[in-house]
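Residues: numbered from 1 along the sequence shown. Model, not experiment: these values are computed from the prediction. Atoms within each ligand, like the ligands themselves, are counted from 1 in listed order.
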Amino acid sequence: MSTTILQVNGLSKSYKDVKALDNLSLDVKQGTVFGLLGPNGSGKTTTLGILLGVINQKSGNYSWFDNGDKTENRRKIGALLETPNFYPYLSAVKNLEIVTKIKNIDNPLSQIESVLKEVNLFERKDSKFRTFSLGMKQRLAIASALLGSPEVLVLDEPTNGLDPQGIAEIRELIQKIANDNRTIIIASHILDEIEKVCTHVAILKFGKLIKQGTIGEIIGGENYVIIASRDMKKLLQVINEDNEMSVFKKTETEVIVKVDKETTTKKVNQFFFDKGIVLSQLKAHSESLETQFLEIIK
Ligand code: ADP
Ligand code: MG
């Protein structure tokens with residue numbers, strides 16, 4: 001049903017002896033807000049650089065828009081990889097005019113007006129860039145990426161360096177522009193950001209894909225129970241033999257078990273009872289998303 005807009009197959013990249021990307025595969029569908037989540041150094045910027053044609057991969061391949069024409073495809077992608085260099089003494093409009101010339105955009109004035117409105121800077125269109133707050137500067141950068149009405153918007157760490165107010169503005173903006181069938185790809189090391197604005201996520205660690213799926217599947221869908229029994233050894237053995245469960249954490253006296261998200265405590269109780277184990281403790285446990293993320297990337 002949903003169209004694949006970007007297909008990435010086994011990308012690898014090394015910088016001298018640093019393996020930045022290791023056999024990365026991704027599948028991004030049209031209309032999704034796709035988060036590339038991983039700690040610093042996990043290969044996010046390298047991935048985006050390859051996908052935008054500014055870095056060459058060592059192996060693997062990718063295709064945008066089902067292998068359309070390269071130049072045509074590039075026009076359908078708006079990207080913000082690093083903070084663009086705007087001229088401090090020129091107004092927002094003048095700065096964007098320069099971008100429309102570089103990008104060779106038709107109808108520049110109406111485009112500029114429309115993107116400035118989209119990022120809520122239209123009222124400040126004639127103010128000099130240097131008078132803008134950091135959040136406004138970043139919004140102007142997003143406006144610049146939106147010139148040419150791209151189908152896909154690629155943003156690398158869009159809230160980096162912003163204060164909480166600026167962060168909130170950018171997040172709201174991303175949610176607002178994630179309408180229609182536009183696809184947004186965001187790289188970030190901040191779980192909270194990805195969780196708030198993305199529909200899908202791929203988690204990277206040392207250049208490797210750890211997990212990929214919808215936000216719900218990856219960070220919202222985990223389910224845990226804390227259990228204990230007089231015979232902890234037997235309890236652990238039963239858990240380890242089962243395909244559906246796995247030990248998340250254990251102490252001397254209890255085990256936190258990861259279970260299927262549909263699994264209820266009642267089912268867990270029955271399961272162990274059937275194996276001849278009486279649980280002395282059984283309760284549902286919800287890890288904070290942060291803890292889960294830390295666990296995933298550990
Ligand atoms: P992220 O964006 O997730 O922080 P990067 O893609 O920037 O990660 O970096 C991935 C790895 O590649 C890191 O170990 C980084 O130090 C290394 N790296 C990135 N760019 C270069 C470069 N130009 N030269 C050497 N090493 C690099
Ligand atoms: Mg980066």
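- The protein non-hydrogen atom at the shortest distance from atom 9 (O) of ligand 1 is Thr46 OG1, 3.9 Å.
- For atom 10 (C) of ligand 1, the nearest protein heavy atom (residue, atom name, distance) is Gly41 O, 3.4 Å.
- Considering backbone and side-chain N/O atoms, Ala20 never comes within less than 3.5 Å of an N/O atom of ligand 1.
- Donor-acceptor pairing under 3.5 Å is lacking for the side chains of Asp126 and Ser91.
- In terms of protein heavy-atom proximity, atom 23 (N) of ligand 1 is closest to Tyr15 CE2, 3.7 Å.
- Closest to atom 7 (O) of ligand 1, if we only count protein heavy atoms, is Thr45 CB, 3.8 Å.
- Judged by the 6.0 Å distance and 45° axis criteria, Lys275 is not positioned over the aromatic ring of Phe273.
- Considering backbone and side-chain atoms alike, Ser42 places an N or O below 3.5 Å from some N or O of ligand 1.
- Within a 6.0 Å radius of CD in Gln281, more than 12 heavy atoms belonging to other residues, nucleotides or ligands are found.
- Neither the backbone nor the side chain of Ala187 has a heavy atom within less than 4.0 Å of ligand 1.
- In this model, a donor atom of one side chain and an acceptor atom of the other lie less than 3.5 Å apart for Lys29 and Thr4.
- Summary of contacts: the protein heavy atom closest to atom 8 (O) of ligand 1 is Gly43 N, 3.0 Å.
- The ligand atoms of ligand 1 that sit less than 4.0 angstrom from a heavy atom of Asn40 are 4 (O).
- Not a single protein heavy atom sits closer than 4.0 Å to atom 15 (C) of ligand 1.
- For the pairing with Val257, the side chain to side chain contact (heavy atoms under 4.5 Å, CB included) check across Met245, Glu244, Lys250, Lys249 returns one residue only, Met245.
- The side-chain tip of Lys117 points at the ring of Phe122 from less than 6.0 angstrom away and within 45° of straight on.
- For the Mg ion (ligand 2), the N/O/S atoms of Asn40 include none lying under 2.8 Å.
- Only the side chain of Val18 comes within 4.0 Å of ligand 1, counting heavy atoms alone; its backbone N, CA, C and O stay farther away.
- For Thr183 and Glu151, the side-chain atoms include no donor-acceptor pair closer than 3.5 Å.
- Close approach of ligand 1 to Pro39 is summarised as follows: ligand atoms under 4.0 Å from at least one heavy atom of the residue are 3 (O).
- For the pair Lys137 and Phe129, the cation sits on the ring face: its NZ or CZ lies under 6.0 Å from the ring centre, inside 45° of the axis.
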Under the criterion side-chain hydrogen bond (donor to acceptor under 3.5 Å, both in side chains), I'd like the reasoning laid out for Asp156 against Thr45: C-alpha separation, chi angles, the key distance, then a yes or no.
CA-CA 7 Å; Asp156 194 5; Thr45 299; 2.7 Å; yes
